[in-house]
Amino acid sequence: MSNTLRTGILLLLGTLLIACSSAEDRAVEYLDRAQASFDEGDWVKAELDVKNALQIDPRNVDARVMMYQIAEKQQKWREMFRNLTRVVNLDENNVDARIKLGRLQL
């Protein structure tokens, strides 16, 4: 086997390994992008990235927290309530979510 062919095969295998990242890694990447968009005030883009993360792991508490924060910024109270409820159900120790949920219920 020639060196050129061997190098080409190794490059192809390396590319395939990099492209096949785990689902957890992809969810973290989506959340990082969502946080950056959220910080810039681009709620729509942030929401899309969070939804992509939730498709990978619907029980991701960090993604649910970001969803209620985005809904709060957009003043979508029902969506905020729904996501706060999910956060409290997934993480009973999340005091901030419990307080916000209580305020919404009042």
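Sequential numbering from 1 along the given sequence is applied to the chain's residues.
Considering all non-hydrogen atoms of both residues, Gln35 and Met66 come closest at OE1-CE, 2.8 Å. Contact detail for Ala46 and Ser37: the closest heavy-atom pair is N-CB, 3.7 Å. Closest approach of Asp49 and Arg33 over heavy atoms only: OD2-CB, 3.4 Å. Closest heavy-atom contact between Ile56 and Ala23: CG2-O, 3.5 Å. Shown here for Ala34 and Val50, the closest heavy-atom pair between the two residues is CB-CG2, 3.5 Å.
Separation of atoms CE (Met67) and CG (Asp62) is listed at 14.0 Å; rounding is to 0.5 Å. The distance from the CD1 atom of Ile99 to the CG atom of Leu84 is 11.5 Å, given to the nearest 0.5 Å. Summarising the geometry, atom CG belonging to Asp57 is positioned 13.5 Å from atom OH belonging to Tyr30; distances are rounded to the nearest 0.5 Å. Here the CG atom belonging to Leu31 is positioned 5.5 Å from the CG atom belonging to Asn60, to the nearest 0.5 angstrom. Here the CD-CZ distance, from Gln105 to Phe81, works out to 5.0 Å after rounding to the nearest 0.5 Å.
There is no path of hydrophobic side-chain contacts, each under 4.5 Å, that joins Leu48 to Trp43. Placement of Met80 and Leu90 within a single hydrophobic cluster is found when ILVMFWY residues are connected by side-chain heavy-atom separations under 4.5 Å, directly or transitively. Under the 4.5 Å side-chain contact rule for hydrophobic residues, Val88 and Val65 share a cluster.
For Arg64 (side chain) and Arg59 (main-chain N/O), no donor-acceptor pair under 3.5 Å exists by modelled atom type. A donor-acceptor pair under 3.5 Å is absent between the side-chain atoms of Asp91 and the main chain of Val87, judged by distance alone.
By the 4.5 Å heavy-atom criterion applied to side chains, Lys73 and Phe38 are counted as neighbours. In this structure the side chain of Arg86 reaches within 4.5 angstrom of the side chain of Asn83, judged on heavy atoms.
The environment of CD in Gln74 is crowded: more than 12 heavy-atom neighbours from other residues, nucleotides or ligands sit within 6.0 Å.
The pair Glu72-Lys100 meets the salt-bridge criterion, since a charged nitrogen lies less than 4.0 angstrom from a carboxylate oxygen.
Contacts of Lys76 classified as salt bridge (charged side-chain N to carboxylate O under 4.0 Å, His left out), with partners at least two apart in sequence or in another chain: none.
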